[in-house]
Amino acid sequence: MTHRTTLLSTTFLSAALSGALIACAPEAVAPLDTPAVEISTADLQRRIEKLASDEFEGRAPGTPGGIAASQYIADEMKAAGLIPMGENGTYFQNVELTESTVTPASNMTIMSGS
């Protein structure tokens, strides 16, 4: 199943995303030594607290909370003036995800390599 997810894990927050995206951006973007937006410790703390809040219901991919968290990060990136580099001019990249569920009846066998 394909889900709309952010380019990076939500735990890196928009500050880390900003750095990664600016580093990968076309040359038309301002050089790294002249940041378009300053991110303070308080800004980062506010974003961490927001993403860790119950509002995002755990942030699992494909869930309402995960989709909301992805949108929050995209909105923060847009507010920072970052150029969308995802699919169709967005901040998103579609990826195929696989989910495995372990039940009480599940078994795992670990064997030596010899």
Side-chain angles (χ1 to χ4, degrees):
M1 177 178 251
T2 302
H3 299 284
R4 187 172 80 156
T5 61
T6 58
L7 296 173
L8 298 174
S9 173
T10 56
T11 56
F12 286 108
L13 304 175
S14 58
L17 291 171
S18 298
L21 289 174
I22 289 171
C24 297
E27 292 183 28
V29 175
L32 293 176
D33 60 343
T34 56
V37 176
E38 295 287 333
I39 299 174
S40 69
T41 302
D43 292 332
L44 188 56
Q45 182 174 355
R46 177 182 57 80
R47 289 179 175 101
I48 291 170
E49 288 174 359
K50 174 100 173 162
L51 284 169
S53 73
D54 291 341
E55 177 181 351
F56 297 114
E57 304 170 347
R59 304 174 311 277
T63 65
I67 293 167
S70 297
Q71 188 61 55
Y72 168 74
I73 292 173
D75 293 344
E76 290 291 307
M77 291 169 28
K78 183 177 182 178
L82 297 176
I83 297 169
M85 298 189 72
E87 295 174 358
N88 301 316
T90 69
Y91 295 97
F92 300 96
Q93 176 182 15
N94 288 318
V95 296
E96 189 172 320
L97 300 176
T98 303
E99 179 179 7
S100 298
T101 303
V102 178
T103 66
S106 298
N107 292 309
M108 177 172 47
T109 303
I110 300 174
M111 300 169 60
S112 68
S114 41

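Just so you know, these numbers use all the heavy atoms, side chains as well, and skip hydrogens, waters and symmetry mates.
A 4.5 Å side-chain heavy-atom check between E87 and F92 finds every atom pair outside the cut-off. Counting heavy atoms from C-beta on, the side chains of E55 and Y72 never come closer than 4.5 Å. No side-chain heavy atom of M85 sits less than 4.5 Å from a side-chain heavy atom of Y91. Side chains of I73 and Q71 form no contact here, defined as non-hydrogen atoms less than 4.5 Å apart.
Rounded to the nearest 0.5 angstrom, T90 OG1 and M77 CE are separated by 9.0 Å. Taking CD1 of I48 as the reference point, atom CG of D43 lies at 11.0 Å (rounded to 0.5 Å). Taken from CZ in R46 to OG1 in T41, the straight-line distance is 13.0 Å, to the nearest 0.5 Å. In this structure, CD1 on I67 lies 14.5 Å from CZ on R59, to the nearest 0.5 angstrom.
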(message) L82 vs E76, test: side chain to side chain contact (heavy atoms under 4.5 Å, CB included). Steps then yes/no.
(response) CA-CA 9 Å; L82 297 176; E76 290 291 307; over 6 Å; no

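Counting all heavy atoms, side chain and backbone alike, P64 lies closest to E57 at CB-OE1, 3.9 Å. Counting all heavy atoms, side chain and backbone alike, P84 lies closest to G89 at CB-O, 3.3 Å.
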